[in-house]
Structure formats: C-alpha cells, structure tokens
Participant: 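Got a structure for you, written out below as structure tokens; questions coming shortly.
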Amino acid sequence: HVRADYREPVNLFLAVALPPAELKSATIREVMAPVLAYEDELRERERANVEQARERHYVEAERREELRSKAARGKKEQDRDAATRELEGLATNPAEPPELPRLTAGADVLPEVLAKLLNQHDGRLTIYDAEGGTLFGNLAGRYQGGTPNFEILLKGHAGDDVQVDRQSKPPIIVRRPCLTVILAIQPDVVSRLADTPQFKERGLAGRFMFSFPQPTAGRRGFDGPPVSDAARALYGFGIRAALDLQSERGEDGREMA
C-alpha cells in the first residue's frame, strides 16, 4: 500500500535456470515445505465439511431431476403443480460441489484449468515445479494448435479481474486474483521462449524474475554448513504468518490487497 490511491500486489513470478544435477528438486522441496504442510492441514480440517456439502449437492441434484420429471409427466395436475412449486424453491443455478482447499498447482496446469482453480480457491494459488518448462509449453499453445493462451497469468500477476464465460457451465469470475509462480527450469527453456514472440510482446516474460546462478556440479563441496534448525523454523514461521493474513476489503466488500 504505497499511498492512499496506489496499491501494488507483491506476488512474484520466479524462474531459476540451471542445468541438471544442480539440486533444483531438493531446493524447491525446502522452499515449498511450509506451504505444503499448511495446505495439508487445511485440507484435513475441511475434509468432513466438504464431504457433507458434496453429499447435499448430489442429493439436491437428484431431487431436482425427480421434480422436473414429475412436473413434466405427472399423471395428476395437482402433482405436477406441487412438483413445479417445489422446483421453483430450489436454486435455479446451483453452485458446483465444493473442493478441498488448495494452495498449489503443478507446472503442467492448463490455462483453462488454472482459471477454474483460482475460482474455486478464493483467487489465490502458487504454481511451483522443479522442472517447470511444461508451463511455458502449455502457455505457448501445445494443446491448442499452437495458439498462445496466457491471459490468466497476466491477470493473476497484476490482480486484474478474471471473467470466463462458458457455454454449458456457470461463468468463472475471480476478483483480484493473486498468482505466484516458482519454477526451476533448464537454461534451454529460457532460450526457447523466443520461439513464442507473444511472451515478450504481451509482457509475460517481463513479469518473471529470471535468475542464472553459476553451476556448481562437479565443484560442489561437502563440508558446507547445513541449514540450521533455527533458520528453517524461522522461515516456516514467516511463511505461515503470511498465509494466515486476511485480505483487506473495501466498502463494497471486494478484496483490496
């Protein structure tokens, strides 16, 4: 919150480029450990509630179909009228059944799936992967005839509202999404970004903070000090404190940060 009328989201798109045998997987595991532990706790805490809500959803869906059949084909007029009245009392566009909470997704996520996940999980998500090149392949249109599709990442970085209208399903509307990306990739993945000029032209590449550390394979020593328990605990505490933060909301109820 820079000043009264100026706010900037603080989520980051990070990509570290290193060749094989540079401990990318081990490092990503350490970085994400407190996030994944928090995610597991959320899922376990909400499991019973989600299962109950799903059962209610499916029971109501079955009841709706039964009432539609009675209202359309009931033998007696009074039965048809009663079914119609009860059907009118049910939600005309019921929400999709709830999902267990998630904070993360892998780099193989497709753009349309990412929009759905953001919609299901309060607009907050982290994409992470120790071999994250698949994300750029998907965004370049690997499964869409080579047509790039990365609007959802642009909006998830800037906090712009997401609206996706679908023909046979309820629309997806995400207010002020906040997407974080943490990738470890091979250096050749960075060079191949030029094969999709839209990445640069539309600003996707510019949203990433790329890092190119000096490779240490073959020269790495084994006598360096390990990460201390105190440092690991302090890092975990900071991550959990950030995850516990509640979004500030304006007078209209929309999230402001």
Side-chain angles (χ1 to χ4, degrees), residues 36 38-127 138-139 141-145 147 149-156 159-179 243 246-256:
L36 298 179
Y38 192 99
E39 183 180 51
D40 288 343
E41 292 172 16
L42 278 179
R43 292 170 67 85
E44 192 58 36
R45 189 167 66 222
E46 294 297 322
R47 189 175 303 278
N49 292 334
V50 168
E51 290 176 355
Q52 291 174 4
R54 283 179 178 174
E55 288 301 320
R56 289 194 298 270
H57 172 88
Y58 293 129
V59 168
E60 184 174 316
E62 290 288 336
R63 180 58 177 164
R64 185 178 289 105
E65 288 302 314
E66 182 182 338
L67 289 171
R68 284 174 179 162
S69 178
K70 287 184 178 180
R73 294 185 290 273
K75 294 182 179 180
K76 297 181 180 180
E77 182 177 356
Q78 62 185 23
D79 291 339
R80 294 195 298 273
D81 290 343
T84 300
R85 287 193 298 272
E86 185 176 348
L87 188 59
E88 290 172 348
L90 298 176
T92 55
N93 292 305
E96 295 184 8
E99 300 289 337
L100 288 172
R102 287 180 61 175
L103 303 178
T104 63
D108 60 347
V109 65
L110 296 174
E112 55 271 25
V113 176
L114 180 57
K116 181 179 179 181
L117 289 173
L118 285 169
N119 185 50
Q120 291 173 336
H121 303 291
D122 201 28
R124 305 291 184 263
L125 204 69
T126 293
I127 297 174
N138 293 345
L139 300 178
R142 173 185 296 150
Y143 301 111
Q144 296 178 313
T147 301
N149 179 11
F150 50 85
E151 190 77 18
I152 186 66
L153 260 78
L154 298 181
K155 293 186 174 183
D160 295 333
D161 292 351
V162 173
Q163 298 191 65
V164 180
D165 293 305
R166 301 181 293 179
Q167 186 172 4
S168 59
K169 294 183 179 180
I172 291 176
I173 300 177
V174 184
R175 301 299 187 194
R176 298 185 182 274
C178 185
L179 182 65
L243 291 169
Q246 297 298 312
S247 298
E248 183 181 352
R249 297 180 182 271
E251 293 180 359
D252 60 356
R254 291 179 57 175
E255 292 181 353
M256 300 174 62

Participant: Hey, are the side chains of Leu36 and Thr104 touching, using non-hydrogen atoms and a 4.5 Å cut-off?
Facilitator: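 Yes, side chains in contact.
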Participant: About how many Å separate CD of Glu51 and CZ of Arg54, when rounded to the nearest 0.5 Å?
Facilitator: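 That separation rounds to 7.5 Å.
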Participant: Nearest heavy-atom pair of Pro177 and Leu118: which atoms, and what distance?
Facilitator: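 So the two residues come closest at CB-CD1, 4.4 Å.
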Participant: For the CG atom of Leu114 and the CG atom of Asn119, what is their distance to the nearest 0.5 Å?
Facilitator: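 One finds 11.0 Å between CG of Leu114 and CG of Asn119.
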Participant: Salt-bridge test for Glu99 and Lys116: reply yes if a basic N is under 4.0 Å from a carboxylate O, no otherwise.
Facilitator: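 No, Glu99 and Lys116 are not salt-bridged.
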Participant: Between Glu66 and Lys70, is there a side-chain N and carboxylate O pair less than 4.0 Å apart?
Facilitator: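 Here Glu66 pairs with Lys70 in a salt bridge, since their nearest N and O are under 4.0 Å apart.
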Participant: So for atom CD, which belongs to Glu77, do other residues, nucleotides or ligands contribute more than 12 heavy atoms lying within a distance under 6.0 Å?
Facilitator: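 Counting other residues, nucleotides and ligands, CD of Glu77 stays at 12 neighbours or fewer.
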Participant: About how many Å separate CZ of Arg43 and CG of Leu100, when rounded to the nearest 0.5 Å?
Facilitator: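 Those atoms lie 4.5 Å apart.
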Participant: Donor-acceptor pair, Glu39 side chain versus Arg102 backbone, under 3.5 Å?
Facilitator: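 No.
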Participant: Is it true that a side-chain atom of Arg124 and a backbone atom of Leu179 form a donor plus acceptor pair closer than 3.5 Å?
Facilitator: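 Flag not set: sc Arg124 to bb Leu179 has no pair under 3.5 Å.
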Participant: For the pair Arg175 (side chain) and Asp161 (backbone), establish whether a donor and an acceptor sit closer than 3.5 Å, ignoring hydrogens and angles.
Facilitator: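 A pair under 3.5 Å: no.
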Participant: Check Arg63 with Glu60, please: is the shortest side-chain N to carboxylate O separation under 4.0 Å?
Facilitator: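 No.
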Participant: Decide yes or no for Val162 and Ile152: does some side-chain heavy atom of the first lie under 4.5 Å from some side-chain heavy atom of the second?
Facilitator: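 Answer yes - side chains close enough.
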Participant: If only atom types and distance count, is the side chain of Arg176 paired as donor or acceptor with the main-chain N or O of Gly159 below 3.5 Å?
Facilitator: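 Side chain of Arg176 to backbone of Gly159: no pair is present.
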Participant: Of all the heavy-atom pairs spanning Pro98 and Ala53, show the shortest one and how long it is.
Facilitator: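 Minimum heavy-atom contact is CG-CB, 3.5 Å.
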Participant: At their closest point, which heavy atom of Val174 faces which heavy atom of Ala115, and how far apart are they?
Facilitator: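 Heavy-atom minimum between the residues: CG2-O, 4.3 Å.
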Participant: Minimum heavy-atom separation for Glu46 and Pro101, please, with both atom names.
Facilitator: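 Glu46 and Pro101 have their closest heavy atoms at CB-CD, 3.9 Å.
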Participant: Which atom pair, heavy atoms only, marks the closest approach of Leu153 to Leu139?
Facilitator: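 That closest heavy-atom pairing would be CD2-CD1, 3.7 Å.
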Participant: Answer yes or no: is there a side-chain heavy-atom contact under 4.5 Å between Glu112 and Asn149?
Facilitator: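 Yes; the side chains approach each other to less than 4.5 Å.
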